[in-house]
Each structure stands twice: as structure tokens, then as C-alpha cells.
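First comes the structure, then the notes that go with it.
Whatever order the structure lists ligands and atoms in, that order sets their numbers, starting from 1.
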Amino acid sequence: MTDLKDKIRARIANEGPLTVAQFMSICLADPEAGYYTTREPFGKGGDFITAPEVSQMFGELVGAALLSAYEALGAPEQFELVELGPGRGTLMSDLLRMASLRPPFLKAARLNLVEISPRLRIIQKKTLARSPLKPEFRDNFRDVPDGPLILVANEFFDALPIHQFVRTSEGWKERQVGLNRNGELSFGAGAASLPDEAVPPEFAQSPEGTVFETQPASNAIAEEIGARLSARGGIALFIDYGYLKTAPGDTLQALYRHAYDDVLSHPGDADLTAHVNFEALATAARRSGASPLPALSQGEFLLRSGLLERAGVLGAGKTHEQQETIRDAVERLAAPNQMGDLFKVLAITGNGEVFSPFDSTA
Ligand code: SAH
């Protein structure tokens, strides 16, 4: 049992049940015992491996897309380069290496890292110590200085709190984390309800017990980014696992030491995530005047960006073993049964600019 579990139980005993969003946010971001505050989640010793940690090719190809966006924007003389939730700083380090091929890009960019974890900030600074840009840290996207934007976020939105609603005989009721008779954490349905209009009509009459998720925290950030893009120009790339059409489903999951875990079992010690609703992110950005391009699967994004060619170049002249590692990384990143299909890449633009490897909306 974790200390954080005790703390959560005491809080519920005193103040009543928590929403799933409150529970998630305590587990991930509690200043003393939250997962991101205390853990080194990434890589072999951690709970999961993200795409940039699988291979440098991922960051390099994201870098190529950002260079293409920069050209499509007319090579602005100054812009804010932003990453949300940079983890160990690997993606930024790899994409800046690619961006170094275009010195005017580096000259025009100011690097902003939006990161809540003081511990991860130290690691990010170290990873980027020899990179061409010096990072400035921000607590929130809101704190990024005004100006045109080129933004990337990989596995950021999946870590933001979601709300869950359960279909009952009285409509959609908010799912809560409370205490059962034995004083253990357990799920229940609370009084707060979701208006039927919030659910697509084809799912309005779902069977009792169906779960429907909302992600107001993620949508609010997408809306802020959209407002900035439409006012000042730029593009944003959101990469995450999730779905392209709004639909019911319980996607809240816990990962503990590389294995799926019960969501309520290890607060603060397990990673908690939910699948990202990309339709909702695109709608939020559109609401504030920005133009999303049609989303690609991660597999499509990487293959169109030249993953196979890059792998060939990287493997040339290497040992058989090294080539094998590169081949494995290609599989892992792009194969439909691995990260290729589940992960999606959504580009939001200020003015509908099309850039490689995305298609226009028409
Ligand atoms: N992008 C990295 C890490 C993904 S994990 C990678 O692909 O490897 C999520 C990252 O988002 C971590 O760096 C975490 O500390 C950060 N994070 C989580 N919630 C945040 C919030 N509300 N604001 C800023 N950063 C946050």
C-alpha cells in the first residue's frame, strides 16, 4: 500500500468521493507523491517506453515535419518553439538535430518547454545541454510568450485528467472514486449528470453500465493553442494514443512495471492514462478559429515522412545486430499491431497551411 493511497482514503473519508478527474490528477501530479513528481517513468527501468525513446528516427521525422511547417508558414523571422510535457527531452533533442539542417529555423526559434515536474526539468536541461537552443521552462502553455507558434506534444494529453460518466436508469451520472464497506477505494456513480446532448445521438440510448468520457482539461488547452494559432499564426502537432471519432468506452488504464494494473491499486506508483479523443481536440481548436488538418495514424505519418529511407541510411555500414535493432524500432513505431495504428498525429494550423506529410482538408 502506498502513502498516497492512505492520503486519498483520508480525504474521501473527510470530504466525500472524488471525481475520476480529481483522482487522476492527485495520482499523477500530487506535489509530494504524484507519479510524475517522483518517478522516472520512461525507458526500460520505468513503466512504459514512448516513441522518442524507441528510436532517434521518431524525433528526426517529427523535426522534418516541423521544418516543412516552418516553410509553409513563410519562414517567420521569430517564433515560439514549444513542447508540452517533454519527458526526458529526447524528442526535442532529436528534432533539433534535424532542424539544424535549416539554420534560419534555429535562429528564429525561442525554445519553451512546458513541464510541471521539477525533477524532469533537470533531466530535460541535461539532455539538451549540447543542443543549439537553450530551453526556457514554463508551468503552462499560457506562460509561453506571445508570437507565432510551432508546437509539439507527444503523449501529453493522455496524462491529463478525464471525467467518466456511467449510463444508469436515470441518465449519465458522473463516475466517482469512493470507499467501500471495507474502507477500500472503489468506483461508484455520483449525483452529477451529463446532459444527453453531450453524447453523440447514436450513443444516447447506450445500455446501463456504459462509460462515456470527457476531457475538459485537454480540450481547454487545445482551445488556447487554437486561439493563439489563429491570432498569431503557426502550427501544432498532437501525437498520442486515442480515437478519431467520439464514442463511449472506458479507456482509463494503469501501467505498473510494464504491466496493466488495476486503476485503483497503486496511486502515485502506477502511470494512469486515458485514450485521447482527437475529434474533441480538433473541435476545441476549431472553436477558437484554428484549422485542423485531417489526422494521420502514427504509421502513416512516419512512413510518409520517410521512415524506411531514414532507417536505411541509419543502418548503412552498421553491424548486423545494429541493423536488427533499427528494423525492430521501425516495426514498433509504425506496424499496425504495435504503435502504428493506435497512435494518431493531429496537425492544427492557424490558417489551413498544408505541410508535409499532411493532406489538405479539401
Ligand atoms: N513527451 C515525452 C513524455 C510523455 S509523459 C515522451 O514522449 O517521452 C508526459 C509528460 O508530460 C511528462 O514530462 C510529464 O511530467 C508532463 N506533464 C504531465 N502533466 C502535465 C501538465 N499538466 N503540465 C505540464 N506537463 C505535464
Side-chain angles (χ1 to χ4, degrees), residues 21-63 66 81-96 111-128 135-144 151-162 215-222 224-225 236-242 253-255 268 270-276 281 298 301-302 329 332-333 339 342-345:
Q22 286 170 321
F23 176 75
M24 226 178 143
S25 140
I26 295 171
C27 290
L28 293 177
D30 181 85
E32 275 125 43
Y35 183 74
Y36 285 113
T37 332
T38 61
R39 292 281 164 148
E40 179 60 50
F42 323 100
K44 301 210 166 49
D47 297 304
F48 56 93
I49 301 182
T50 58
E53 304 297 335
V54 169
S55 165
Q56 68 184 76
M57 294 184 287
F58 181 80
E60 290 166 353
L61 296 176
V62 169
L66 297 191
L81 177 61
V82 181
E83 183 173 358
L84 307 180
R88 299 181 57 217
T90 310
L91 171 59
M92 188 48 72
S93 159
D94 291 337
L95 80 79
L96 285 176
L111 178 56
N112 301 267
L113 302 182
V114 178
E115 175 58 64
I116 39 163
S117 160
R119 207 179 43 76
L120 287 175
R121 285 183 178 196
I122 294 170
I123 296 174
Q124 290 156 13
K125 211 179 207 168
K126 228 189 216 158
T127 306
L128 292 168
E136 291 175 44
F137 289 99
R138 315 285 180 206
D139 293 333
N140 281 296
F141 171 71
R142 232 166 295 132
D143 301 335
V144 171
L151 178 147
V152 63
N154 186 63
E155 290 208 39
F156 171 75
F157 289 105
D158 67 58
L160 298 188
I162 58 150
Q215 49 178 46
S218 295
N219 296 344
I221 296 176
E224 277 175 35
I225 292 172
L237 273 193
F238 300 155
I239 311 167
D240 227 307
Y241 45 111
Q253 66 183 39
L255 260 188
D271 184 38
L272 277 191
T273 61
H275 287 202
V276 173
L281 290 183
Q298 177 168 303
F301 171 83
L302 291 174
R332 182 138 193 195
L333 291 172
M339 300 176 86
L342 178 58
F343 282 72
K344 313 287 190 301
V345 187

With backbone taken as N, CA, C and O and side chain as the heavy atoms from C-beta onward, which portion of [X] lies under 4.0 Å from ligand 1: side chain, backbone, both, or neither?
X	answer
Asn154	both
Thr50	side chain
Leu160	side chain

Is Leu91 near ligand 1, meaning one of its heavy atoms is under 4.0 Å from it?
-> no
[atom]: nearest protein contact (heavy atom, Å):
atom	answer
atom 5 (S) of ligand 1	Phe42 CE2, 3.5 Å
atom 9 (C) of ligand 1	Glu155 O, 3.4 Å
atom 19 (N) of ligand 1	Ile116 CD1, 3.6 Å
atom 13 (O) of ligand 1	Glu115 OE1, 2.6 Å

Backbone of [Y] reached by a side-chain donor or acceptor of [X] within 3.5 Å:
X	Y	answer
Thr273	Asp158	no
Gln298	Leu333	yes
Asn140	Asp143	no
Thr37	Glu32	no

Proximity winner for atom 1 (N) of ligand 1, if only heavy atoms of Pro52, Gly87, Gly85 are counted | Gly85
How long is the span from the CG atom in Asn154 to the CG atom in Asp240, to the nearest 0.5 Å?
-> 7.0 Å
Leu120 heavy atoms, cut-off 4.0 Å: which ligand 1 atoms fall inside?
-> 12 (C), 13 (O), 15 (O)
Ligand 1 atoms in contact with Phe156 (distance to a heavy atom under 4.0 Å) = 11 (O), 20 (C), 21 (C), 23 (N), 24 (C), 25 (N), 26 (C)
Between Val82 and the options Val114, Leu111, Leu113, the side-chain contact (heavy atoms from CB on, under 4.5 Å) test singles out Val114
For side chain to side chain contact (heavy atoms under 4.5 Å, CB included), just list the numbers for Gln215 and Leu281, CA-CA rounded to whole Å, side-chain angles, deciding distance to a tenth of an Å, and then say yes or no.
-> CA-CA 9 Å; Gln215 49 178 46; Leu281 290 183; 3.7 Å; yes
Should Glu83 and Phe156 be marked as a side chain to side chain contact (heavy atoms under 4.5 Å, CB included) after you check the CA-CA gap, both sets of side-chain angles, and the distance that decides it?
-> CA-CA 9 Å; Glu83 183 173 358; Phe156 171 75; over 6 Å; no
